[in-house]
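Reading through the structure tokens given below for one structure.
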Amino acid sequence: MAERPLIGISTSDNKSLLAWWFDWFAVWRHGGRPLRLSPSRPRPEHLDGLIVGGGDDIQAHLYGGEMQLDVRVDPQRDELELELLAREIPRNTPVLGICRGSQLINVHLGGTLDSDIYTTHEGLKRRRTVLPRKTVDIVEGSRLHQLLRVSWCRINSLHHQAVEQAGRGIDIVARDRDGLVQGIESRDHDFLLGVQWHPEFLVFNRPQQRLIKALVKASCKPHAERRPPAKASRNAGQRAAAAEHPL
């Protein structure tokens, strides 16, 4: 039997054991070898795949947002995950961002966040549940659509922030019925996606489990056989960034 691919899962140092169990099981059941990554733990030099997990808010200064005093942030975790993305994205390591992780991928690539959807969207119904109570529409033909094999799905909701402006090379490929961004993916990489919901909690939902399974499968591919990031698109993104921030 082939060795299970090593899938790093980024978390905070104080994540509950129950929440970690869902992360661990989601990867293990589809053939991966889950490894918890947190600020106080050793960072391996080699990963076959990476999940940037859910958790506290991202520091507002990282995306030019306004600081809020009534939210929890984890600067050490921000630093860890940004370092992991800076290392693994150029290697074309398969990466899946979950909730906060999706937002962080976007921020890493120069995008912005809506720091509080309930402030910027008047009348938005507050939903905070691990159960699939929200409907999301997925762009047909997108990578996410191909993996989930559905054009819409029911999801859970545990967030109050969301992707606003897409980062370099990022396409918005899913929105909920309120118009909020729920899914993103990179045009320049084989597998760099983010979803605003938590597929690991939807253990009996086939489309959501296909997403985790696809990450594990992509992580089985030897590093030497992985397509490098698209140079033309990356350079175009750098030129766009330079135009926005001239010397």
Side-chain angles (χ1 to χ4, degrees), residues 8-16 19 37-40 43 50-89 95-129 134 136 155-176 178-186 192-198 237-238 240-247:
I9 306 173
S10 65
T11 73
S12 66
D13 281 324
N14 57 6
K15 185 167 188 174
S16 75
L37 305 174
S38 71
S40 67
R43 307 175 192 183
L50 174 65
I51 293 177
V52 186
D56 294 334
D57 285 9
I58 297 166
Q59 298 173 91
H61 77 269
L62 294 175
Y63 58 90
E66 295 184 5
M67 182 179 66
Q68 299 185 60
L69 300 179
D70 59 343
V71 300
R72 294 186 307 178
V73 294
D74 189 341
Q76 290 75 30
R77 184 178 176 187
D78 289 344
E79 180 181 355
L80 164 68
E81 292 172 335
L82 290 172
E83 287 181 4
L84 288 169
L85 290 174
R87 187 185 78 177
E88 299 301 332
I89 288 179
V95 177
L96 173 63
I98 292 176
C99 197
R100 161 199 163 91
S102 178
Q103 298 165 12
L104 197 75
I105 288 172
N106 192 59
V107 168
H108 175 69
L109 294 173
T112 63
L113 303 181
D114 182 337
S115 58
D116 185 15
I117 58 177
Y118 297 110
T119 299
T120 56
H121 295 74
E122 186 177 353
L124 188 66
K125 184 178 180 180
R126 290 184 177 270
R127 296 186 181 95
R128 185 173 179 83
T129 175
K134 182 182 285 189
V136 164
I155 60 163
N156 48 31
S157 180
L158 295 170
H159 67 104
H160 81 99
Q161 295 187 317
V163 168
E164 190 173 51
Q165 294 181 348
R168 296 182 296 276
I170 290 293
D171 288 330
I172 294 171
V173 293
R175 292 182 184 269
D176 61 30
D178 294 311
L180 297 172
V181 176
Q182 292 286 337
I184 63 172
E185 62 186 45
S186 171
L192 177 56
L193 302 103
V195 294
Q196 188 59 63
W197 62 90
H198 286 260
Q238 292 170 346
E244 293 175 1
H245 305 285
L247 297 175

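Just so you know, residue 1 is the first one in the sequence shown, and it goes up from there.
Nearest heavy-atom pair, Cys99 versus His159, reported as atom, atom and distance to 0.1 Å: SG-CB, 3.9 Å. Taking both residues in full, the closest heavy atoms of Val163 and Val181 are given as O-CG2, 3.5 Å, listed atom of the first, atom of the second, then distance. For the pair Lys134 and Ser157, the tightest heavy-atom approach, listed with the atom from each and the gap, is NZ-OG, 3.3 Å.
Although no hydrogens or angles enter the test, the distance criterion places a donor-acceptor pair under 3.5 Å between the side chain of Asn156 and the main chain of His198. Proximity of a side-chain donor or acceptor of Asp171 to a complementary backbone N or O of Val173 within less than 3.5 Å is not detected. Of the possible donor and acceptor atoms, one in the side chain of Asp13 sits under 3.5 Å from a partner among the backbone N and O of Ser40. In terms of modelled atom types and a separation under 3.5 Å, the side chain of Ser10 and the main chain of Gly53 share a donor-acceptor contact.
Within the model, atoms CG of Asp114 and OH of Tyr63 stand 8.5 Å from one another, a figure rounded to the nearest 0.5 Å. Taking CD1 of Ile170 as the start and CD of Glu185 as the end, the distance is 8.5 Å to the nearest 0.5 Å. Atom CG in Asn106 sits 9.0 Å away from atom CD1 in Ile58 (nearest 0.5 Å). To the nearest 0.5 angstrom, Ile117 atom CD1 is 8.0 Å from Asp178 atom CG. Between atom CD1 of residue Ile51 and atom CG of residue Leu84 there is a gap of 12.5 Å, rounded to the nearest 0.5 Å. From Glu83, atom CD reaches atom CD of Glu81 across 11.0 Å, with rounding to the nearest 0.5 Å.
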Task: Test side-chain contact (heavy atoms from CB on, under 4.5 Å) applied to Leu37 and Leu50, step by step - done: CA-CA 10 Å; Leu37 305 174; Leu50 174 65; 4.0 Å; yes
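Annotation: side chain of Leu192 is in contact with side chain of Val95 (closest heavy-atom distance under 4.5 Å). Side-chain contact check for Val107 versus Leu113: some heavy-atom pair is nearer than 4.5 Å. Inter-residue side-chain proximity for Leu96 and Ile98 is flagged as met; some heavy-atom pair is nearer than 4.5 Å. Looking at heavy atoms from C-beta onward, Gln59 lies in side-chain contact with Pro75 at the 4.5 angstrom threshold. Within the 4.5 Å cutoff, side-chain heavy atoms of Leu62 are placed close to those of Leu82.
Of the options Arg100, Gln182, Gln103, a side chain to side chain donor-acceptor pair (under 3.5 Å) to Gln196 is made by Gln103 and by none of the others.
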